[in-house]
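In what follows, a structure is listed as structure tokens, so that the remarks can point back to it.
Just so it is clear, the values below take in all heavy atoms, side chains as well, and ignore hydrogens, waters and symmetry mates. Just so we're on the same page: letters track the sequence lines, and every chain starts at 1.
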Amino acid sequence: MKFSTSFFPTQKEVPVDATIPSHILMLRAGLIRPLAAGVYSHLPVGQRIMHKVMQIIREEMNAIGGQEVFLPALNPIELWQETGRVDDFGDIMFHVKNRPMVLAPTHEEVICSIAKNFLRSYRDLPQIWYQIQTKFRNEPRPRSGVLRGRQFLMKDSYSMDFSWEGLDKSYDKHAEAYKKIFSRCGLKFFIVGASSGAMGGSGSQEFMVESESGEDTCAVCPDCGYAANVEVAVSNVPPLPRAEGDLRLEEIHTPNVRTIDELVEFLNVPAEKLAKSLVYMQDNKTPILVLMVGNDQLNETKLSSALGPNIRPMRPDEIVQFTGAHSGSLGPIGLKNFKTIADNRVKDANGLISGANKDDYHIGNVDFVRDVKLDGYYDLREVKENEPCVQCGQPLRVVNAIEVGHIFKLGTKYAEDLKAYFLNEKGEEKPIIMGSYGIGVERIIASHIEQNHDENGLIWDESIAPFHIHIIGLNMKNENVREASENIYQILLDNNYEVVFDDRNDVTAGFKFKDADLLGMPVQIIIGEKNLKDGNVEVKVRRTGKRSVVAIDDIINKLEKLLH
RNA sequence: CGGGGCGUGGCUCAGUCCGGUUAGAGCGCACGGUUCGGGACCGUGAGGUCGGCGGUUCAAAUCCGCCCGCCCCGACCA
């Protein structure tokens, strides 16, 4: 493809609306253009990359027996009412104004609606159907370029099995395929156990790419490979020990002490001696008290996993109403009508200090066995950096990550709601057992950029590079340069390389170099007068910056060493 | 939805606090010329309802009100 007749809208300036590297570079390199918040056009170079990624996905999905389908984005709202997901998604789902229809944010319903009519026997199963299509979600706040958009391209596949063992197999096949896909796309990724969230189901894993720009937080062990989303991650931090002796409850006057830090300072005790009390409301009616070690952080996803959905922090006025005290002086002693749970780490501990439910007072020597009636201990605390790994004891890292893939064992929820039943070998009617497996296509690209760029621009892996080779004809007004460049361009095309040829005759050398580095093709071939006199050109590897002078006759040889 | 920031040629910005010639700069763009291995230089030129609507005023990019849009933090995130 020749530069002079193509659309490569690169720009030098950093776009004002972009803050993370992938977003900045996708805009600067002319891959995408914003149309509205969270909505992007893919320009020719960006679209080539999308195709590369999609091709890899298709190959690996086909390899596990996946069959590609194309499903409607426009769905009758009735279909979504059958699974109750109109309410589940709420404002996240786009609703069409002048028809009773919605824009599909995912496709379990459509899949089931097809399956119920055609997959009637266990002999029709298993099946894996996949799609690579635009999904629509009315995100409250789109952000980070293509990482969280309102319209985005997703590979979703759906497995349908007649047995739970079959589901396990389909799930494992997807896990293996995903490893291949992300590896082939040049991503450094890790897999974490995840919370299934509103999708429901029995198991799920996320494929994560470590990046400062990621929205998820994961604990990872550099030593043994343990990795988990902090929504489920645990560490080997020890539980609180039981102190010796029979310690009596005592009231402690703590004027104007509100926070754990202030309490530590005021009483001159370690934070481990403090039992932190957090108050929540469930379903707007059930007050909940959560007890944690003073300097531990509650993870609200873990709280929801323990107690169910619809939990929110209690409002200040509710706190006073239900406890008689203000936040900062709350505790388990004397509190009535609260559902009370505690983090595993304070299990059966004693000698702790908690709030007295009376402003400016705390209570010492609280004993969780003797003084507190609990509705259960749960893992509620969020893992912190450098805590010992639960598997090997080495210090954990806590990192941000981009979720590029998520695989779920859905089970029978959707099949039951939509009455997708089959007859098993005994003639019994059973719901189809489903799995669903997503990949964010743009997220792969953004993640690759986050992991592969420098101050000059993009650095593509060959597998998803829009072109393999970027030819720079330096002074195209020079006949020798023009002729040699055109020749080499043709030779490379004849050898099945994908080539972009900067044949512009109205920009200077420096301009072309900058554009080439910004666009980031793996190999650049620089054709200038001086080298040409000796029958040579320069070959530069974008990633390393390494340059070498190569005889024109030897180019194909050289490229074979650098590419493929 | 709460908090913050921003909106001026295609891009990046100045001008707004303190109203007052014809609204500026750099880059980009067009034309001519000089250059030709790291966004080169000279000259000429085109390009703006200053986000929109309303108000105050002799006079509004500038002050006031409402609305819209975009970005960031938070809430939310199958």
Side-chain angles (χ1 to χ4, degrees), chain A residues 9-20 23-24 27-28 30 33-39 80 83-85 88-93 104-109 135-145 147-150 152 154 156 158 194-201 204 206 213-217 229 231 300-301 304 309 312-313 402-403 405-408 410 413-414 436-440 443 455-457 472-478 480-482 502 504-518 524 526-532 537-538 540 545 547 549:
Chain A
T10 58
Q11 58 183 68
K12 179 165 65 172
E13 306 277 0
V14 174
V16 64
D17 284 339
T19 53
I20 65 170
H23 193 198
I24 292 171
L27 290 168
R28 282 194 55 210
R33 293 269 81 178
L35 182 64
V39 181
W80 289 79
T83 52
R85 290 217 288 179
D88 289 351
F89 273 104
D91 199 42
I92 292 291
M93 190 150 64
T106 174
H107 282 87
E108 282 81 8
E109 277 78 357
K135 310 248 166 167
F136 298 88
R137 287 182 200 171
N138 185 23
E139 292 291 346
R141 180 154 92 81
R143 71 186 101 175
S144 306
L147 285 180
R148 181 164 291 275
R150 294 206 167 115
F152 54 96
M154 192 160 183
D156 243 340
Y158 305 91
S195 162
S196 311
M199 287 291 281
S204 99
E206 292 169 323
S213 306
E215 296 182 82
D216 287 272
T217 310
N229 196 305
E231 295 172 353
E300 293 192 1
T301 303
S304 281
R312 60 164 174 83
I402 299 165
E403 177 190 348
H406 200 161
I407 56 180
F408 288 93
L410 286 182
K413 169 184 162 47
Y414 295 93
S436 105
Y437 316 89
I439 290 179
R443 281 186 178 185
E455 66 278 8
N456 295 314
I472 302 173
L474 283 183
N475 180 4
M476 292 300 288
K477 286 174 183 163
N478 178 297
N480 294 335
V481 173
R482 170 164 288 281
D502 192 343
R504 290 174 293 182
N505 59 15
D506 57 352
V507 298
T508 57
F511 209 101
K512 293 185 178 183
F513 287 134
K514 291 289 187 189
D515 263 352
D517 285 348
L518 174 60
Q524 298 171 11
I526 300 153
I527 300 164
E529 289 172 60
K530 285 173 203 157
N531 281 320
L532 213 48
V537 296
E538 183 173 304
K540 174 179 159 183
R547 302 151 183 274
V549 175

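Nearest heavy atoms, A:Lys512 versus A:Gly473: NZ-O, 2.5 Å. What you find for A:Ile527 and A:Val481 is that their closest heavy atoms are O-CG1, 3.7 Å. The two residues A:Arg28 and A:Lys12 make their nearest non-hydrogen contact at NE-O, 3.3 Å.
B:rC68 and B:rC36 are spaced 48 Å apart, taking the C1' atom of each and rounding to whole Å. Going from the C1' atom of B:rG28 to that of B:rG47 covers 12 Å, rounded to whole Å. Between B:rC77 and B:rG38, the distance separating the two C1' atoms is 44 Å to the nearest Å. On the C1' atoms, B:rG20 is 14 Å away from B:rC63, given to the nearest whole Å. As rounded to the nearest Å, B:rG7 and B:rA61 have C1' atoms that lie 11 Å from one another. Distance check on atom C1': B:rG2 versus B:rA23 gives 37 Å, rounded to whole Å. Rounded to the nearest Å, the gap between the P atom of B:rC11 and that of B:rG48 is 14 Å. Look at the C1' atom in both B:rG26 and B:rC66: the space between them is 36 Å, to the nearest Å.
Salt bridge annotation for A:Asp502-A:Arg504: present, with a cationic side-chain nitrogen under 4.0 angstrom from a carboxylate oxygen. Using a cut-off of 4.0 Å between Lys/Arg side-chain N and Asp/Glu carboxylate O, A:Lys413 and A:Glu108 are scored as not salt-bridged.
Taking a pair to require two hydrogen-bonding distances under 3.5 Å in either a Watson-Crick or a G-U wobble arrangement, B:rG54 pairs with B:rC64. With both pairing distances under 3.5 Å, B:rG48 is matched to nothing as a Watson-Crick or G-U wobble pair. When both pairing distances are held under 3.5 Å, B:rG10 makes a Watson-Crick or G-U pair with B:rC27. Here B:rG32 sits opposite B:rC42 as a Watson-Crick or G-U wobble pair (both hydrogen-bonding atom distances under 3.5 Å). Under the Watson-Crick or G-U wobble criterion, with both distances below 3.5 Å, B:rU22 has no partner in any strand shown. The partner of B:rC17 cannot be assigned: no Watson-Crick or G-U wobble pair with both contacts below 3.5 Å exists in any strand. Across every strand in view, B:rG2 sits in a pair with B:rC73 that passes the Watson-Crick or G-U test at under 3.5 angstrom.
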Note to self: One pair to check against side-chain contact (heavy atoms from CB on, under 4.5 Å): A:Met154 and A:Thr106. What are the steps and the verdict?
What the structure shows: CA-CA 9 Å; A:Met154 192 160 183; A:Thr106 174; over 6 Å; no

Checklist line | Evaluation steps, side-chain contact (heavy atoms from CB on, under 4.5 Å), between A:Arg33 and A:Leu27 | finding: CA-CA 6 Å; A:Arg33 293 269 81 178; A:Leu27 290 168; 3.8 Å; yes

Next item on the list: Check the pair A:Arg547, A:Ile526 against side-chain contact (heavy atoms from CB on, under 4.5 Å), reporting the backbone distance first and the verdict last.
Entry: CA-CA 10 Å; A:Arg547 302 151 183 274; A:Ile526 300 153; 4.2 Å; yes

Next item on the list: Let me see the working for A:Ile20 and A:Leu147 under side-chain contact (heavy atoms from CB on, under 4.5 Å), right down to the final yes or no.
Entry: CA-CA 10 Å; A:Ile20 65 170; A:Leu147 285 180; 3.8 Å; yes

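A:Asp91 comes within 4.0 angstrom of no nucleic acid atom, judged by non-hydrogen atoms across all strands. Counting any heavy atom pair closer than 4.0 Å across all strands shown, A:Thr19 reaches sugar-phosphate atoms only and no base atom. At a threshold of 4.0 angstrom between heavy atoms, the contacts of A:Thr83 with the nucleic acid are absent. Residue A:Ala36 is in sugar-phosphate contact alone, with no base atom involved, counting any heavy-atom pair closer than 4.0 Å across all strands shown. Within 4.0 Å of A:Met154, counting heavy atoms only, lies at least one base atom of the nucleic acid. Within 4.0 Å of A:Pro140, counting heavy atoms only, lies at least one base atom of the nucleic acid. Contact annotation for A:Arg312: no contact, since no heavy-atom pair falls under 4.0 Å across all strands. Contact annotation for A:Asp517: base contact, defined as any heavy-atom pair under 4.0 Å involving a base atom.
Closest approach to the A:Arg148 side chain among B:rC77, B:rG37, B:rC72 is made by B:rC77 (side chain taken as heavy atoms from C-beta onward).
Taking only distance into account, the side chain of A:Asn475 never meets the base of B:rG37 through a donor-acceptor pair shorter than 3.5 Å. Donor-acceptor pairing under 3.5 Å, judged by distance alone, is present between the side chain of A:Glu538 and the base of B:rG37.
Atom P of nucleotide B:rG37 and atom CD1 of A:Ile527 are separated by 14 Å, given to the nearest angstrom. For A:Glu139 and B:rC71, the CD to C1' distance is 16 Å, given to the nearest whole Å. Atom pair A:Asp502:CG and B:rC36:C1' shows a separation of 13 Å (rounding to whole Å applied). Per the geometry, CD belonging to A:Glu300 stands 10 Å off P belonging to B:rC77, to the nearest Å. Between A:Leu27 atom CG and B:rC70 atom P there is a gap of 15 Å when expressed in whole angstrom units.
Toward the 5' end of RNA chain B, the nearer of the two residues A:Arg143 and A:Asn456, judged by each one's closest nucleotide, is A:Asn456. Where A:Arg150 and A:Leu518 meet RNA chain B, the nucleotide closest to each residue was compared, and A:Leu518 sits on the side nearer the 5' end.
With hydrogens and angles left out, the side-chain atoms of A:Ser144 and A:His23 include no donor and acceptor closer than 3.5 Å.
Contact check, A:Arg141 against B:rA75: no side-chain N or O comes under 4.0 Å of OP1 or OP2.
Residue A:Ile439 holds its CD1 atom at 12.5 Å from NE2 of A:His406, rounded to the nearest 0.5 Å.
The side-chain heavy atoms of A:Gln524 and A:Glu538, taken from C-beta on, include no pair separated by under 4.5 Å.
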Next item on the list: Quick one, give me the B/S/- string for nucleotides 28-34 of chain B, reading 5' to 3', where B means a protein heavy atom under 4.0 Å from the base and S means that only happens at the primed atoms, P, OP1 or OP2.
Entry: -------

Next item on the list: Going 5' to 3' through nucleotides 10-16 of chain B, assign each nucleotide B (protein heavy atom under 4.0 Å from a base atom), S (under 4.0 Å only from sugar-phosphate atoms) or - (no protein heavy atom that close).
Entry: -SSS---

